[in-house]
Student: 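Let me give you the structure first, and then I'll get to my questions.
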Amino acid sequence: MKVRFAPSPTGDLHVGNIRTALFDWAYARHTGGTFLFRIEDTDTTRVTDEYIQAAIDTLKWLGLNWDEGPEVGGENGPYLQSQRLGIYTEWAQKFLDQKFAYHCYCSAQELEAVREAQRTANVAPGYNGHCRDLTPDQIAAYKSEGRLPVVRMRMPDGGTTFTDLIRGEVSFDHKFVPDFVLARGDGSPLYTLAVAVDDVLMKVTHVLRGEDLLSSTPRQIRVYQAMGLAPEDYPVFAHLPFVMGQDNAKLSKRNGEVSIAWYRDKGFLPEAICNYLALLGWSPGDDRENVTMKELTELFTVEKVHSSPARFDMKKLEAINGDKIRALTIDEFLDWSLPFLTKAGVITGSADEIALVKLALPLIQERIIMLSEVPTMLKFLFVKNFAVEEDSVAKITDDASKQVLQRSLKELEPLSTWNHESIEAALRSSLIEEMGLKPRIAFGAVRVATTGSTISPPLFESMELLGKEASLARIRAGLEL
RNA sequence: GGCCCCGUCGUCUAGCGGCCUAGGACUCUGGCUUCUCAAGCCAGCUACGCGGGUUCGAAUCCCGUCGGGGCUACCA
């Protein structure tokens, strides 16, 4: 049992690609089979080395490790189609020799004219078979014109029926599957050739891919036949439903970010992304939603995959990400947070800073949904030139607030033990009990003065970590505003 | 246009002929809790696209219809 993920990196891997990769991976792991990763870079005008590397990095970051493919190798390599060109040429020639395929000399303009005519005549579009049975004279004539022929597969009469693991039996009448091109005029292979040849040569048994490829399946099967494969040896197909954007269109930059890099920068955890994506078009069958990667491999089966498309919902992803963050141990949370803090310039990475971060993280673990919120939440602890946020200044310049700060200062200065219990006790008895203020009003003023914002981690714990000296200094500064 | 796929709350889904006056999660609304923001707890809103069958009985099976999507490349 071997499952493959074979993207064509014409851009950054997006949510749909990743969902496919995830299902491929989970299915392989579930069955104890092999997960093969192959790069389909036959479209040299659109695939770049950068995108290929990005695809590799993305899969690694997500934890979707592969058993065969780039970097890890394997006995069926190479795993970049651009390095396998000779193989495709060979097969194309074999198909030519066996008359399964033929040279087609039609020009792009001629083809377009045929299609145009078909459109207006309202008949099934597709290649009209013009070059199927050219005479030697005709061929010679085309050659003398300098035309470079493409290799075109001859679709036999009849039809193709196959059983899709997700959709059941699917049939195509060959009247609607025209002869298709295997190799370009310059000899380079097309997807239809390379994908089928590689799946056979790499001994792939299960093809899980996007439903956009459903109608190209008869063509792949035709190539298997031409390669001499017995029907029982054809790979099994399962066409995954789309992941769509909010407005029912395919996911794009317009309706939500699609690049996985964006999610990583925002501070989404790989496990949250995988968990959420797993729920798009699949469910364990009960009410479970929060699953670890390990549980996913245990629970995942293609039979449970839907046939209908799903819409991507950022809110749900965020909710799951929040859950995953809360499930982290402090050390894990620390490891994930540090890069965000250094990148934001909040800390430089010294041991003292890291120690303080570690003490502060428990305070914010249940109040954030993305790691990118960590720097904003903890900035007040590290900032050198402290200043109250512009929007919040007005909150502490009124007389009532001044009185609160004045009194706070008076109560806190003499404290010999500086921890959240002693701070709270001092402030509560004076501000709330003696002055008779509402907690949210009184503590709100102290919060703005010490953290610089109306939103912060719990106040007394924050002040404890900030330290007595800094806390008092900020309150004094607040009084000057 | 042709071919193919799809159709349960706003969204993701459970449901595979009676357990469904349709369950869960996210969102949203209201409340509780509360030092802010969260988290947590409680409550509420809202769905089987439509029309015919089959059946004692249908979200579940069949047909039609409408709607959405994909493909229709010397892209994948």
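Keep in mind the model is a prediction, meaning the values are calculated, not measured. Proteins get letters first, then strands, A, B, ... in listed order; numbering begins at 1 in each.
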Student: Distance check needed: B/rA39 P versus A/Ile369 CD1, whole Å only.
Tutor: 9 Å

Student: Go along nucleotides 24-37 of chain B 5' to 3' and tag each nucleotide: B for a protein heavy atom under 4.0 Å from its base, S when only backbone or sugar atoms are that close, - otherwise.
Tutor: BBSS-------BBB

Student: Which value, in whole Å, describes the distance between the P atoms of nucleotides B/rC62 and B/rC16?
Tutor: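 Those two atoms are separated by 16 Å.
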
Student: Expressed as a whole number of Å, how far does the P atom of B/rA58 sit from that of B/rC41?
Tutor: 39 Å

Student: Would A/Asp173 and A/Ser171 count as having a side-chain donor-acceptor pair, cut-off 3.5 Å?
Tutor: no

Student: Can you pull out every side chain to side chain donor-acceptor pair (under 3.5 Å) where at least one residue sits in residues 430-442 of chain A? Sequence neighbours excluded, please.
Tutor: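 Qualifying pairs, neighbours excluded: A/Arg407-A/Glu434.
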
Student: Tell me whether the NZ or CZ atom of A/Arg38 lies within the 45° cone about the ring axis of A/Phe5 and under 6.0 Å from its centre.
Tutor: no

Student: Over how many whole Å does the gap from A/His174 atom NE2 to B/rC4 atom P extend?
Tutor: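 It works out to 14 Å between those atoms.
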
Student: Below 6.0 angstrom between ring centroids: does that apply to A/Phe162 and A/Tyr234?
Tutor: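 A/Phe162 vs A/Tyr234: aromatic centres not under 6.0 Å.
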
Student: Round to the nearest Å and state the distance from A/Leu165 atom CG to B/rC5 atom P.
Tutor: 16 Å

Student: Is there a Watson-Crick or G-U wobble partner for B/rA73 with both distances under 3.5 Å, and if so, which one is it?
Tutor: none

Student: At 4.0 Å (heavy atoms only), tell me whether A/His306 reaches a base, stays on the sugar-phosphate, or touches nothing.
Tutor: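 A/His306: backbone/sugar contact only, no base atoms under 4.0 Å.
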
Student: Using the side-chain contact (heavy atoms from CB on, under 4.5 Å) rule, take A/Val47 and A/Ser8 through it: C-alpha gap first, then chi angles, then the decisive distance, then the call.
Tutor: CA-CA 7 Å; A/Val47 177; A/Ser8 183; 3.9 Å; yes

Student: With rounding to whole Å, what would you report as the distance between B/rC61 and B/rG68 at their P atoms?
Tutor: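 Their P atoms lie roughly 24 Å apart.
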
Student: Does a donor on one side chain and an acceptor on the other come within less than 3.5 Å for A/His103 and A/Arg152?
Tutor: no

Student: How is A/Thr451 classified with respect to the nucleic acid when contacts are heavy atoms under 4.0 Å: base, sugar-phosphate, or nothing?
Tutor: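 Result for A/Thr451 = nothing.
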
Student: What is the base-pairing partner of B/rG44, counting Watson-Crick and G-U wobble geometry with both distances under 3.5 Å?
Tutor: B/rC28

Student: By nearest nucleotide on RNA chain B, pick out whichever of A/Ser215 and A/Ser308 is the more 5' one.
Tutor: A/Ser308

Student: Mind running a 4.0 Å heavy-atom check of residues 110-117 of chain A against RNA chain B and sending the residues that fall below it, in number order?
Tutor: A/Leu111, A/Arg115

Student: Would you check, one step at a time, whether the test side-chain contact (heavy atoms from CB on, under 4.5 Å) holds for A/Leu465 with A/Leu363?
Tutor: CA-CA 11 Å; A/Leu465 292 179; A/Leu363 304 180; 3.8 Å; yes

Student: Determine the Euclidean distance between corresponding C1' atoms of B/rU13 and B/rG70; express it in Å to zero decimal places.
Tutor: 23 Å

Student: What does B/rG7 pair with, Watson-Crick or G-U, if both distances are under 3.5 Å?
Tutor: B/rC66

Student: Base, sugar-phosphate, or nothing: which does A/Arg219 touch, judged by heavy atoms less than 4.0 Å apart?
Tutor: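 The residue A/Arg219 makes base contact.
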
Student: To the nearest Å, how far apart are A/Phe237 CZ and B/rC4 C1'?
Tutor: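 Checked: the CZ to C1' distance equals 15 Å.
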
Student: Quick test of your reading of the model: are A/Lys324 and A/Glu271 salt-bridged, counting only N-O distances below 4.0 Å?
Tutor: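 Yes, charged N to carboxylate O under 4.0 Å.
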
Student: If I pick the P atom on B/rC12 and the same atom on B/rG69, what distance separates them, to the nearest angstrom?
Tutor: 14 Å

Student: Tell me which residues in residues 183-196 of chain A put a heavy atom below 4.0 Å from RNA chain B, sorted by number, or none.
Tutor: A/Arg184, A/Gly185, A/Leu190, A/Tyr191

Student: Roughly how far apart, to the nearest Å, are B/rC45 and B/rU29 at atom C1'?
Tutor: 7 Å

Student: Side-chain atoms of residues 179-190 of chain A: list all donor-acceptor pairs with protein atoms under 3.5 Å, sequence neighbours left out, distances to 0.1 Å.
Tutor:
| residue | atom | partner | partner atom | Å |
| --- | --- | --- | --- | --- |
| A/Asp179 | OD1 | A/Arg132 | NH2 | 3.0 |
| A/Asp179 | OD1 | A/Met155 | N | 2.8 |
| A/Asp179 | OD2 | A/Tyr102 | OH | 2.5 |
| A/Asp179 | OD2 | A/Arg132 | NE | 2.7 |
| A/Asp179 | OD2 | A/Arg132 | NH2 | 3.4 |
| A/Arg184 | NH1 | A/Ser188 | OG | 3.0 |
| A/Arg184 | NH1 | A/Pro189 | O | 3.3 |
| A/Asp186 | OD1 | A/Ser188 | N | 2.8 |
| A/Asp186 | OD1 | A/Ser188 | OG | 2.6 |

Student: Between B/rU60 and B/rA14, how many Å separate the two C1' atoms, rounded to a whole number?
Tutor: 13 Å

Student: If you define the side chain from C-beta out and look only at heavy atoms, does anything of A/Ile87 sit under 4.5 Å from A/Val197?
Tutor: yes

Student: In this structure, how many angstroms lie between the P atom of B/rU11 and the CD atom of A/Glu318, rounded?
Tutor: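 Those two atoms, CD and P, are 18 Å apart.
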
Student: Evaluate the ring pair (Phe, Tyr, Trp, His ring centres under 6.0 Å) criterion for residues A/Phe23 and A/Phe300: first the C-alpha distance (whole Å), next the side-chain angles of each, then the deciding distance (0.1 Å), finally the verdict.
Tutor: CA-CA 8 Å; A/Phe23 284 12; A/Phe300 185 85; 4.9 Å; yes

Student: Within the structure shown, what part of the strands sits under 4.0 Å from A/Gly285 by heavy-atom distance: base, sugar-phosphate, or nothing?
Tutor: sugar-phosphate

Student: When all nucleic acid strands are considered with a 4.0 Å heavy-atom cut-off, which category describes A/Val150: base, sugar-phosphate, or nothing?
Tutor: base

Student: What does A/Ser453 touch in the nucleic acid at a heavy-atom separation under 4.0 angstrom: a base, only the sugar-phosphate, or nothing?
Tutor: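 Nothing, no nucleic acid heavy atom in range.
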
Student: Whole-Å distance between B/rC75 P and A/Tyr51 OH?
Tutor: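 It works out to 19 Å between those atoms.
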
Student: If you check every side-chain atom of A/Phe242, which of B/rA39, B/rG69, B/rC5 has the closest atom?
Tutor: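 The listed nucleotide nearest to A/Phe242's side chain is B/rG69.
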
Student: List in chain and number order the residues that pass salt bridge (charged side-chain N to carboxylate O under 4.0 Å, His left out) with A/Lys379, two or more places apart in sequence or in another chain; answer none if no residue qualifies.
Tutor: none

Student: For A/Leu213, report the nucleic acid contact type (base, sugar-phosphate, nothing); a contact means any heavy atom under 4.0 Å.
Tutor: base

Student: If we take the P atom in both B/rG15 and B/rC28, what is their distance in whole Å?
Tutor: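 Approximately 27 Å lies between the P atom of B/rG15 and that of B/rC28.
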
Student: Taking only the side-chain heavy atoms of A/Asp43 (C-beta and beyond), determine which of B/rC75, B/rC6, B/rC16 contains the nearest atom.
Tutor: B/rC75

Student: Using heavy-atom distances to pick each residue's nearest nucleotide on RNA chain B, tell me which of A/Pro309 and A/Arg326 is more 5'.
Tutor: A/Pro309

Student: Checking base pairs now: Watson-Crick or wobble, both atom distances under 3.5 Å. What partners B/rC35?
Tutor: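 Paired with B/rC35, as far as the under-3.5 Å criterion goes, is no nucleotide at all.
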
Student: Output the rounded distance in Å from CE (A/Met244) to P (B/rG10).
Tutor: 15 Å

Student: If I take atom CZ in residue A/Arg19 and atom P in nucleotide B/rU13, what distance separates them, rounded to the nearest angstrom?
Tutor: 9 Å

Student: Name the orientation class of the two ring planes belonging to A/Phe95 and A/Trp91 (parallel below 30°, tilted from 30 to 60°, perpendicular beyond 60°).
Tutor: tilted

Student: What's A/Gly281 touching, base or sugar-phosphate or nothing? Going by heavy atoms closer than 4.0 Å.
Tutor: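 Sugar-phosphate, no base atom in range.
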
Student: Are a donor atom and an acceptor atom from the side chains of A/Thr160 and A/His174 found within less than 3.5 Å of each other?
Tutor: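 There is such a pair (donor and acceptor under 3.5 Å, judged by atom type) between the side chains of A/Thr160 and A/His174.
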
Student: What's the closest nucleotide to the side chain of A/Ser8 if the choices are B/rC12, B/rA38, B/rA76?
Tutor: B/rA76

Student: Do A/Glu289 and A/Asn275 touch side chain to side chain, with heavy atoms closer than 4.5 Å?
Tutor: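 Not touching, per the 4.5 Å side-chain cut-off.
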
